[in-house]
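Shown next, in structure tokens, is the structure this report addresses.
What you are looking at is a predicted structure, and each value in this text was computed from that prediction instead of being measured.
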Amino acid sequence: MSRLHTPAQWLRWIGRNTKRLVVLVLGFAVLGAGIAMLALPGPGLIVIILGLAILASEFVWAERALDATTSRAAAAANTVSSKKSGRIALAASGLGLIVGGAVVVVVTDGYRVVGATVMLAGLIGLATLLPQVQKWLEAKSAARTESA
């Protein structure tokens, strides 16, 4: 008796696992883009978290990595934004990124996407100064210190 699978069995397996395969490919593509953005212009950490969130919809290991990553990012952001000098620096860098990105979008033809991602990074930086985000950062940061 042959132990090889028939084409019909392969098709049934692919049909059952299509969603998982799509999540795997899409999640790793977004995760890879986020890792690249750590060195390139763009909101790398946010994109990494998005990639992990996509993967976490199907994989438990990704959910654990997502929790650890968001906790560390929240703790770091909370450390910076808990001091007045940190909030000023965050606001200045956010505004600088927005202005710089806008200049790139307006002045250059080939780098509009780069300028837009730099502007997005500035907006995300400024969003961390919102009171609702500050409360979330403090809660996430406190949860991290309790679990450590």
Is there a path from [X] to [Y] through hydrophobic residues (I, L, V, M, F, W, Y) whose side chains come within less than 4.5 Å of each other?
| X | Y | result |
| --- | --- | --- |
| V118 | L90 | no |
| F59 | L26 | yes |
| I124 | V47 | no |
| W13 | L11 | no |
| I46 | L120 | yes |

Do the non-hydrogen side-chain atoms of [X] and [Y] ever get within less than 4.5 Å of each other?
| X | Y | value |
| --- | --- | --- |
| W61 | L55 | yes |
| M119 | V105 | yes |
| I98 | L123 | yes |

When rounded to the nearest 0.5 angstrom, what is the spacing between [atom1] in [X] and [atom2] in [Y]?
| X | Y | atom1 | atom2 | result |
| --- | --- | --- | --- | --- |
| S93 | I88 | OG | CD1 | 12.0 Å |
| S57 | K19 | OG | NZ | 5.5 Å |
| Q9 | I14 | CD | CD1 | 12.0 Å |
| E58 | L24 | CD | CG | 10.0 Å |
| S82 | R87 | OG | CZ | 7.5 Å |
| L52 | I48 | CG | CD1 | 7.5 Å |

Exercise. Not counting sequence neighbours, which residues clear side chain to side chain donor-acceptor pair (under 3.5 Å) with E63? List them please.
Key: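 Result, side chain to side chain donor-acceptor pair (under 3.5 Å) vs E63: none returned.
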What's the shortest heavy-atom distance between [X] and [Y], and which atoms?
| X | Y | answer |
| --- | --- | --- |
| A56 | A62 | N-CB, 3.6 Å |
| E138 | N78 | CG-OD1, 3.5 Å |
| A127 | V133 | O-CG2, 3.3 Å |
| L45 | A73 | CD2-CB, 3.6 Å |

Quiz item: Can you check whether G125's main-chain N or O pairs, donor with acceptor, with T128's side chain at less than 3.5 Å?
Solution: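 Confirmed, T128 side chain pairs with G125 backbone.
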